[in-house]
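The basis for the numbers below is simple: all heavy atoms, side chains too, and nothing from hydrogens, waters or symmetry mates.
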Amino acid sequence: MKLPYAESYKIKMVEPIKLSTLEERKKWIKEAHYNVFQLKAEQVYIDLITDSGTGAMSDRQWSAMMLGDESYAGATSFFKMKDMISNITGFKYVIPTHQGRAAENVLFSCLIKEGDCIPGNSHFDTTKGHIESRKAFAIDLTIDEAKNTQLEVPFKGNVDVNKLEKYLSENADKVPFVIVTITNNTAGGQPVSMENMREVHKIAKKYNKPLLFDSARFAENAYFIKVREKGYENKTIKEICREMFSFADGMTMSAKKDAIVNMGGFIATNMEEWYEAAKLKTIVFEGYVTYGGMSGRDMNALAVGLDENTEFENLETRIKQVEYLAQRLDEFGIPYQRPAGGHAIFVDAPKVLTHVPKEEFPAQTLTVELYLEAGIRGCEIGYLLADRDPVTRENRFNGLDLLRLAIPRRVYTNNHMDVVAVALKNVYDRRETITRGVNITWEAELMRHFTVKLEPAK
């Protein structure tokens with residue numbers, strides 16, 4: 001008999017959590033202006049708002065933190081981190097930053113000017129925010145199949161290479177670089193195939209455009225290449241990663257995801273021109289170039305985390321838990337972006353709350369309803385996150401409207417996933433009674449979903 005699947009780790013430490021009452025949750029969500037980002041962590045039972053910086057570090061990572069070198073310049077911790085990044089990616093130059101959006105801020109300050117256009121696959125919120133705050137334009141060229149959440153396609157995160165070719169042929173003078181997000185978060189945590197990276201690289205080079213990877217979940221992307229793409233089944237995750245990055249000129253990374261640290265990020269590249277420009281901006285925005293907003297102990301933990309999380313068993317344990325939640329939702333007929341992504345389940349909110357008009361933000365409404373049901377905090381990845389069009393200032397309703405349930409790494413058990421599934425089922429069972437959503441009472445100009453104030457639609 002084949003042995004059943006088990007996690008690739010033991011649990012050494014636990015943290016208590018407590019379920020609140022419905023009356024408490026009603027009070028708390030109202031005080032938070034129906035924005036789950038404004039809730040206190042102690043008001044949440046199971047927290048799936050993000051997998052960024054919320055994972056449980058390993059014993060090796062905690063041990064490495066004790067050996068952190070806090071020297072201002074030239075710390076040994078920096079060189080440990082740099083060597084690990086270079087070994088995995090092949091990039092020669094590395095600049096640490098305190099997290100991924102800081103890496104974007106530093107690099108984009110060097111590369112983007114007003115009026116530029118940056119084509120790619122579903123830029124995530126901070127990426128789009130850093131582009132549009134510079135009065136430039138994020139051009140989404142994700143394949144059309146990603147818009148159909150019920151379609152089973154193995155690499156829904158891919159760039160549409162025909163659209164990219166056409167766009168560059170008409171607008172090359174406005175494009176400073178092409179960006180590919182691996183995995184594609186906004187499209188539902190969907191991976192990008194090696195073949196697609198190769199083709200995007202070829203087209204970018206044809207038009208003499210550098211290719212940048214937004215690499216927060218590159219290891220998960222490599223896992224999907226190994227298990228889904230022909231010819232890679234016998235390669236290691238590290239071998240696949242090295243080939244992936246051979247097609248890029250540089251990368252930004254939020255290490256709070258696939259390096260499983262609480263804080264940290266970096267820029268890596270082989271382009272000396274990018275590196276020299278980014279060094280100056282790093283000193284201005286972050287800190288000296290060998291710490292860049294990070295402590296030595298965090299750089300040590302990052303190096304170990306990258307090493308551990310580019311091993312198949314570690315990734316399989318993490319992704320199997322996401323698949324487990326997907327299987328439970330299948331039992332209840334709850335629609336989500338198929339197939340299940342690497343870090344989260346993305347519930348198709350308009351298919352659940354069919355009576356809530358798009359102007360009242362179905363995914364945000366479903367996020368609130370799930371919190372009221374069981375104290376579970378998810379995150380809207382949809383019409384609120386999309387912000388307003390920078391030219392017309394109209395809400396952008398042309399994308400997907402999803403409730404993201406991001407699973408922190410090595411934090412929850414499958415019993416917690418059962419609670420999440422049943423809570424969603426309970427909301428799904430009463431979906432016909434949910435006929436009104438939420439309205440905006442106040443919003444920021446950019447990345448409004450973090451701070452927006454809402455009220456129940458009247």
Side-chain angles (χ1 to χ4, degrees), residues 4-20 25 36-37 39-59 61-62 183 185 188-189 216-217 219-220 223 254 256-263 301 305 308-309 311 313-332 334 336-337 339-347 366-367 369-381 402-428:
Y5 173 79
E7 288 78 11
S8 62
Y9 54 81
K10 297 188 295 185
I11 297 169
K12 288 190 175 182
M13 185 173 69
V14 296
E15 174 187 349
I17 56 175
K18 185 177 180 295
L19 180 61
S20 55
R25 295 193 294 275
V36 293
F37 280 100
L39 291 168
K40 296 177 181 177
E42 64 195 38
Q43 297 168 339
V44 176
Y45 182 44
I46 299 175
D47 202 347
L48 308 182
I49 195 169
T50 184
D51 63 325
S52 178
T54 58
M57 290 199 299
S58 72
D59 53 354
Q61 286 180 290
W62 281 110
T183 57
N185 193 355
R217 299 177 181 89
E220 292 174 9
Y223 172 91
S254 169
K256 298 167 69 176
K257 284 82 167 175
D258 269 359
I260 320 183
V261 289
N262 303 125
M263 188 59 66
E308 292 181 339
N309 206 40
E311 294 297 331
E313 293 78 9
N314 205 19
L315 289 163
E316 184 178 44
T317 294
R318 189 271 197 290
I319 292 171
K320 287 288 186 185
Q321 186 170 57
V322 178
E323 290 178 0
Y324 177 81
L325 178 56
Q327 290 163 6
R328 293 307 317 273
L329 298 190
D330 286 340
E331 293 175 27
F332 303 135
I334 298 171
Y336 58 88
Q337 175 67 292
H343 72 286
I345 294 295
F346 292 72
V347 181
L366 185 58
T367 302
E369 291 291 339
L370 180 60
Y371 175 73
L372 290 172
E373 180 66 32
I376 298 164
R377 177 160 65 169
C379 176
E380 185 258 22
I381 303 290
L402 307 169
L403 161 60
R404 186 185 72 177
L405 302 170
I407 315 300
R409 295 161 182 81
R410 304 186 291 217
V411 170
Y412 294 113
T413 68
N414 283 357
N415 287 339
H416 293 99
M417 299 302 103
D418 289 334
V419 173
V420 174
V422 172
L424 260 176
K425 178 189 183 299
N426 291 344
V427 175
Y428 188 67

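- Closest approach of Ser254 to Ser52, counting heavy atoms only: OG-OG, 4.1 Å.
- Between the side chain of Gln61 and the backbone N or O of Glu308 there is no donor-acceptor pair closer than 3.5 Å.
- The two atoms that bring Gln43 and Tyr371 nearest to each other are O-OH, 2.8 Å, heavy atoms only.
- The main-chain N or O of Val36 is found under 3.5 Å from a side-chain atom of Arg377 such that the two form a donor-acceptor pair.
- A donor-acceptor pair under 3.5 Å is formed between the side chain of Gln321 and the backbone N or O of Tyr412.
- The closest donor-acceptor contact from the side chain of Arg25 to the backbone of Ser20 lies under 3.5 Å.
- Rounding to the nearest 0.5 angstrom, the gap separating the CH2 atom in Trp62 from the NZ atom in Lys12 is 13.0 Å.
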_Using side-chain contact (heavy atoms from CB on, under 4.5 Å), reason through Phe346 and Asn185 one step at a time and then give a plain yes or no._
CA-CA 10 Å; Phe346 292 72; Asn185 193 355; 3.3 Å; yes

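- Separating the NZ atom in Lys10 from the CG atom in Asp59 is a distance of 9.0 Å, to the nearest 0.5 Å.
- The backbone N or O of Ala56 lies less than 3.5 Å from a partner atom in the side chain of Arg410, making a donor-acceptor pair.
- Inter-residue side-chain proximity for Leu48 and Pro408 is flagged as met; some heavy-atom pair is nearer than 4.5 Å.
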*Go through the steps to decide whether Thr54 and Asp47 satisfy the test side-chain contact (heavy atoms from CB on, under 4.5 Å), and finish with yes or no.*
CA-CA 9 Å; Thr54 58; Asp47 202 347; over 6 Å; no

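- Here the OG1-CG distance, from Thr367 to Leu403, works out to 4.5 Å after rounding to the nearest 0.5 Å.
- To the nearest 0.5 Å, atom CG of residue Asn426 and atom CD of residue Glu369 are 11.5 Å apart.
- Arg318 places a side-chain N or O within 3.5 Å of a backbone atom of Ile407 that can act as its donor or acceptor partner.
- Within the model, atoms CG of Leu19 and CD1 of Ile376 stand 9.0 Å from one another, a figure rounded to the nearest 0.5 Å.
- Within the 3.5 Å criterion, the main-chain N or O of Thr317 finds no donor-acceptor partner in the side chain of Glu7.
- Applying the side-chain contact (heavy atoms from CB on, under 4.5 Å) test between Tyr336 and each of Leu405, Asp330, Leu424 identifies Asp330 as the sole match.
- In this structure, Glu380 CD and Ile49 CD1 are separated by 11.0 Å, a value rounded to the nearest 0.5 Å.
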_Evaluation steps, side-chain contact (heavy atoms from CB on, under 4.5 Å), between Lys257 and Glu220_ = CA-CA 10 Å; Lys257 284 82 167 175; Glu220 292 174 9; over 6 Å; no

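- In this structure the side chain of Ile334 never reaches within 4.5 angstrom of the side chain of Arg328, judged on heavy atoms.
- Test Arg217, Arg404, Lys256, His343 against Asp51 for side-chain hydrogen bond (donor to acceptor under 3.5 Å, both in side chains) and you get one pass: Arg217.
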*asked:* Run the side chain to side chain donor-acceptor pair (under 3.5 Å) test on Asn314 and Tyr9 for me, step by step, so that the C-alpha distance in whole Å, both residues' side-chain angles and the decisive distance to 0.1 Å come before the verdict.
replied: CA-CA 8 Å; Asn314 205 19; Tyr9 54 81; over 6 Å; no

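- Met57 has its side chain within reach of Asn262: a pair of non-hydrogen atoms, C-beta onward, lies under 4.5 Å apart.
- At least one donor-acceptor pair closer than 3.5 Å links the side chain of Asp258 to the backbone N or O of Ala219.
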